[in-house]
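So the structure is just underneath, and the comments pick up after that.
Counting convention: from 1, in listed order, for ligands and their atoms alike. The figures that follow rest on heavy atoms only: side chains count, while hydrogens, waters and symmetry mates do not.
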Amino acid sequence: MYNVKEWKHIFKLDPAKSISDEDLEQLCMSNTDAIIIGGTDNVTEDNVIQLMSRVRRYPLPLALEISNVESVMPGFDFYFVPTVLNSQDVTYHNGILLDALKQFGHVIDFEEVVFEGYVVLNPDSKVAQKTQAKTDLTVDDIEAYAQMINEMYKLPVMYLEYSGQYGDIDMVKAAANMLTETQLFYGGGIDSYESARTMAEFADTIIVGDVIYQDIKKALKTVKIKELPK
Ligand code: 1GP
């Protein structure tokens with residue numbers, strides 16, 4: 001069985017965006033640790049199933065990051081469930097989750113479920129707008145969220161989400177310093193080996209998204225961080 005704790009690098013594919021077979025093959029054969037399928041808008045049962053079946057041709061772990069109940073389906077190795085801790089709308093803390101458990105609680109294999117404590121930091125991102133996230137956070141806030149996630153909620157993953165923007169390294173360091181058990185995911189604006197390496201020094205796992213659709217070669221170079229000693 002796959003072990004999420006060992007993952008250093010993940011490509012995140014948006015089911016609402018198109019990708020060629022050739023680019024998809026390069027990503028899946030790149031030595032990345034896993035693929036996540038997830039997005040904010042226009043995630044449907046149809047586009048998720050299409051992308052899932054294409055990625056399934058390759059021998060690497062595949063996770064669905066759940067953004068709505070309608071597009072959840074069997075067939076993934078893992079289901080990543082975000083709870084956006086700095087959202088000002090309870091829907092994104094546990095509202096969607098409540099609906100999901102009412103409908104599917106009896107069939108869920110909780111061994112496959114990974115609960116992610118999200119902190120969304122780019123105010124211009126779709127995810128910040130959709131979740132009404134309070135993004136003007138300080139290092140003190142990040143430390144407190146990290147403590148909340150690590151010591152109190154005891155979630156397996158904290159996800160610092162800068163989606164579309166390269167983040168503030170001091171925020172990443174602050175989270176990393178507080179976490180003893182929880183795995184730190186960082187995502188946002190990674191578009192080169194250098195930007196990947198900087199974040200990978202502090203985050204346990206980096207997530208690479210947008211650059212896949214802008215410059216596949218640059219996206220592929222980010223996987224080289226896996227060769228760094230930890
Ligand atoms: C998005 O964190 C991921 O959820 C990756 O961010 O798209 O900016 O690479 P980018």
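Donor-acceptor pairing under 3.5 Å is lacking for the side chains of N86 and T135. For the 3.5 Å distance criterion, the side chains of T91 and D89 qualify, holding a donor opposite an acceptor.
I149 pairs with exactly one of M158, M178, K154 by the side chain to side chain contact (heavy atoms under 4.5 Å, CB included) rule, that one being M158. Only one option out of V120, L121, V127 pairs with S163 in a side chain to side chain contact (heavy atoms under 4.5 Å, CB included); it is V127.
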Between ligand 1 and the protein, which N/O pairs fall short of 3.5 Å?
| from | atom 1 | to | atom 2 | distance (Å) |
| --- | --- | --- | --- | --- |
| ligand 1 | 2 (O) | Y159 | OH | 2.7 |
| ligand 1 | 2 (O) | E161 | OE1 | 2.7 |
| ligand 1 | 2 (O) | E161 | OE2 | 3.3 |
| ligand 1 | 4 (O) | K12 | NZ | 2.7 |
| ligand 1 | 4 (O) | E161 | OE2 | 2.5 |
| ligand 1 | 6 (O) | G188 | N | 3.3 |
| ligand 1 | 7 (O) | D210 | N | 2.8 |
| ligand 1 | 8 (O) | G164 | N | 2.7 |
| ligand 1 | 8 (O) | G189 | N | 2.8 |
| ligand 1 | 9 (O) | G209 | N | 2.9 |
| ligand 1 | 9 (O) | D210 | N | 3.3 |

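Residue pairs meeting the salt bridge (charged side-chain N to carboxylate O under 4.0 Å, His left out) criterion with at least one member in residues 98-122, sequence neighbours excluded, do not occur.
Using a 4.0 Å cut-off between charged side-chain N and carboxylate O, D33 and K8 make no salt bridge.
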